[in-house]
Protein chains: 2
Amino acid sequence: MPSFGKAGSKTAPTMSDVARLAGVSAMTVSRALRHDGAVSQKTRDKVLAVVDELGYVPDQAAGALSSGRSGLVGMIAPALVNPIFGMVARGLNDTLTPLGLQLFIGFSDYGAEREEHMLESMLRRRPEAIAIASDSRSERAARMLLNAGVPVVEFLHRPATPIRHVVAVDHVAVGRAVARHFAETGRKRLAAIVGRERQTSNTTDRAEGLREGARQAGLAPVRLISAGGPLALAEQGVRAAAEILDNLADIDAVLCPHDITAIAVIGELRRRGARVPDDVAVFGFGDHEVARHTLPALTTIGFNAGLMGVEIGKLMINAFEAARLGRDAAPFNLTLDFEVIVRDSA
Amino acid sequence: MPSFGKAGSKTAPTMSDVARLAGVSAMTVSRALRHDGAVSQKTRDKVLAVVDELGYVPDQAAGALSSGRSGLVGMIAPALVNPIFGMVARGLNDTLTPLGLQLFIGFSDYGAEREEHMLESMLRRRPEAIAIASDSRSERAARMLLNAGVPVVEFLHRPATPIRHVVAVDHVAVGRAVARHFAETGRKRLAAIVGRERQTSNTTDRAEGLREGARQAGLAPVRLISAGGPLALAEQGVRAAAEILDNLADIDAVLCPHDITAIAVIGELRRRGARVPDDVAVFGFGDHEVARHTLPALTTIGFNAGLMGVEIGKLMINAFEAARLGRDAAPFNLTLDFEVIVRDSA
DNA sequence: CTGAAAGCGCTAACAG
DNA sequence: CTGTTAGCGCTTTCAG
């Protein structure tokens, strides 16, 4: 009777346990399991039978250490509860899985400090590529990204000085498109809800576009409503609606950071007696799956978040290929289309 | 000038590089970095200075291999886009972070096969604990969980035969509570939207409770509407509403698997001329942040998903502690409270 | 408080 | 097609 490990011990079987029972070397087990190199069908079958019998699961930490490939791709996003990031993650994951790569996700909770921490713990795992959507970023985090030595893809929002690759939506253009819609539908005094004060983010970019558009259309200057802090999406809407009613009573159109926020704005506005869109037109962002079902149905901006994930993945694959050939992939800058979806709220 | 690695090479600095530059042994660097054992303040400072200068980031694969601790906790959930899981992840993550553990998340997309795959790739990383919410589960997956050798916490739904620990909501009780509400508000013919045919899941459990409650209240037998497949939440609602209008015209109350589904049901019902709640009362699940803001505001079931994550984490910590003492943590079975939140849709 | 030796479980690079 | 040898970069264990 073959023995491996101490009898009755709970330690997981190792590759040499499998090798011994299969009557081959550990190297052959390794090859059989990875479909690497050539292993005769007969040998492979025997190995796989033992693997199955033992319930052997290879230890990837050991494999990673030895091969220098962690099999991990990191993604850092501001929040998991924002479904846009969930969809991006899904698209990215689907693109990476066929390559044997796993997606490792971290949330920064919209904080530069937390993001920096997340990034550092992610780097400890030696990811083979990094996708990151930053809301704000510390200098140290930027430096880490620059020196990561692996492909970095910033997404959703194009930073002023990108690390290298970017897959984004042109948020300024979104803001302009929204301004155009508001102008065409007779709105005069626009407002935009933005995150708290920051260098620049997608909400401030859209606000900037809205401002430009408003100016061009000869409308009053756009008012900014700060949602303040990393609040839940709906909570931001409640605050913003209160702000409009209490301090910005002349506003007749508002652009929200997210559809969920827009729904809350509408709800709160209505609760306090204002009519939507009659008194205030409300514009969402993201075309969340419920946007078409609410009353009023949301006028919003749609873009393909899943595709965004897929494109991020393709960029990474491309960069891997370039690295394999000893080159650096040229910085790639992809702007995804968006769509103005006019429904009933604006 | 000290040298480490090949000049100009892009390989990340290792612990011995740090050690050499700091004039100490690698072991001392290791200790200084982990605040483990005793290192004089002076030595520690010197080490940290070098670490900073080099931008050294320890390789956790090596650490994991050597220490036998991966620093990872795995979580497997059906879908990332369902915000309930995002909130659980957040609570769990917050509980684990202070212990230096990272959460590694995988999505099964509501498929047993995918779940099995996810679980296997997760096991390769040797997680120190596993949280899993299964919609359906293969036998092999169940075996893997049983033999994982680390604490396993099943959550959200209590399976018929739990692996060990469970943190769940009593979905049958939820169903009964909903039936009670429907009965008290004069509804006679109830329906429940459930996932596709499966052994048992939280939607089928709630349907079961609804059925019991209806029977007790002397109402007609509950009709089941199969949402079919791993559809998006809203899409399920659209299908279900169509089913009601086309084939179940006498239904006057419906329980939905999720608030997002409920919103879609209401939207579609209304689009096709039915009134909510007058013709059909619609009950959601989850108390999503928008539930209180929609028109009509959603009547739904609320429970604290973040707390669920926290409790899962506490259970794990408890199990770690037990293991440290050479014992096995007794199976723990936690049922979280829920709340019937009556608003306008039912 | 610090260091030296040994090895975690795998895979790269050669041999045969 | 298969095996051997040598590490990967840390941490454990045991000395000092």
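Every heavy atom of this structure was used, including side-chain atoms; hydrogens, water molecules and symmetry mates were not. Residue numbers start from 1 in every chain, and the chains themselves are labelled A, B, ... in the order their sequence lines are given, proteins ahead of strands.
Rounded to the nearest 0.5 angstrom, B:Leu92 CG and B:Met308 CE are separated by 11.5 Å.
Taking atom CZ of residue B:Arg20 and atom P of nucleotide C:dT2, one finds them 19 Å apart after rounding to whole Å. In this structure, the CZ atom of A:Arg124 is 13 Å from the C1' atom of D:dC10, given to the nearest Å.
Within a 6.0 Å sphere centred on CD of B:Glu321, other residues, nucleotides and ligands contribute more than 12 heavy atoms.
A donor-acceptor contact under 3.5 angstrom links the side chains of B:Arg125 and A:Gln102, judged on distance only. One side chain, B:Ser30 or B:Arg34, offers a donor N or O that lies under 3.5 Å from an acceptor on the other.
Applying the salt bridge (charged side-chain N to carboxylate O under 4.0 Å, His left out) definition to pairs two or more places apart or across chains, those involving residues 63-75 of chain B are B:Arg69-B:Glu128.
The phosphate of D:dG3 has OP1 or OP2 within less than 4.0 Å of a side-chain N or O from A:Thr28.
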Quiz item: Just by protein heavy atoms under 4.0 Å, how would nucleotides 8-16 of chain C read 5' to 3' in B, S and -?
Solution: BBBBBB---
